[in-house]
Amino acid sequence: MRFIILIGLVLGVLSAESRYALLIGNSDYPNKRLTNPTNDVDLLAKKLKGLGFTVIKKKNLNRTSMINELKSFDDYIDSDTIAIIYFSGHGVHSTIDNRNYLIPIGGFESLLNEADLGN
């Protein structure tokens, strides 16, 4: 059964009219730098371009830039589009609302407590 589902997904990707990917890699967190996220998006971008995706690759985005990129990416998507959004960087889980949050560059510094995550 899994094999049939995988074939269906592959055929769906191959027959899609357009393919877009937004890749965000955040590494340059003050005092909490990560080494892999920007490398991750470079490698993934190369693979996805080979599969016919138009790739939008962004690195080290602050909160405003992340929100703007996500809103802009929506303009590429319609009912006949395969769309991928990939984020590599810091994230946190909130026990208040049981949700996960992506942390933009400068995001840790603006968090006073867990209740600030949803703002």
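Treat the numbers as computed from the prediction; the structure is a model and nothing was measured. All residue numbers refer to positions in the sequence shown, counting from 1. As a basis for the values below, the full set of heavy atoms in this structure was taken, side chains included, without hydrogen atoms, waters or symmetry mates.
Taking both residues in full, the closest heavy atoms of Pro37 and Leu34 are given as CD-CB, 3.6 Å, listed atom of the first, atom of the second, then distance.
With Tyr86 contributing its side chain and Gly25 its backbone, the two residues share no donor-acceptor pair below 3.5 Å. The backbone N or O of Gly89 lies less than 3.5 Å from no partner atom in the side chain of Asn26, so there is not a single donor-acceptor pair. Arg99 places no side-chain N or O within 3.5 Å of a backbone atom of His93 that could act as its donor or acceptor partner. Looking only at distances, no side-chain donor or acceptor of Thr81 sits under 3.5 Å from a matching main-chain atom of Ala83. Tyr29 places a side-chain N or O within 3.5 Å of a backbone atom of His90 that can act as its donor or acceptor partner.
Note that CZ of Phe53 and NZ of Lys49 are 13.0 Å apart. Values are rounded to the nearest 0.5 Å. Here the straight-line distance linking atom CZ of Arg63 with atom CG of Leu102 works out to 11.5 Å at 0.5 Å rounding. Going from atom CG of Leu61 over to atom CD1 of Ile24 covers 5.5 Å, rounded to the nearest 0.5 Å. We find the CD1-OH distance between Ile82 and Tyr20 to be 12.5 Å, quoted to the nearest 0.5 Å. Atom CD1 of Ile84 and atom CD1 of Ile56 lie 12.0 Å apart (nearest 0.5 Å). In this structure, CE on Met66 lies 6.0 Å from CG on Leu70, to the nearest 0.5 angstrom.
The side-chain hydrogen bond (donor to acceptor under 3.5 Å, both in side chains) check on Asn62 picks up Ser65, with sequence neighbours excluded.
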Taking only distance into account, with no hydrogens and no angle test, what donor-acceptor pairs under 3.5 Å do side-chain atoms of residues 38-45 form with protein atoms, sequence neighbours excluded?
residue : atom : partner : partner atom : Å
Thr38   : OG1  : Ser27   : OG           : 3.4
Asn39   : ND2  : Thr35   : O            : 3.3
Asp40   : OD2  : Ser88   : OG           : 3.1
Asp42   : OD1  : Lys57   : NZ           : 2.9
Asp42   : OD1  : Lys59   : NZ           : 2.9
Asp42   : OD2  : Lys59   : NZ           : 3.0

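Counting heavy atoms from C-beta outward, Leu48 and Leu23 have side chains that approach closer than 4.5 Å. A 4.5 Å side-chain heavy-atom check between Asn100 and Val92 finds every atom pair outside the cut-off.
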- Step by step, work out the side-chain contact (heavy atoms from CB on, under 4.5 Å) result for Tyr76 and Ser18. CA-CA 9 Å; Tyr76 295 100; Ser18 56; over 6 Å; no
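Taken together through direct or relayed side-chain contacts under 4.5 Å among Ile, Leu, Val, Met, Phe, Trp and Tyr, Ile67 and Ile77 form parts of separate hydrophobic clusters.
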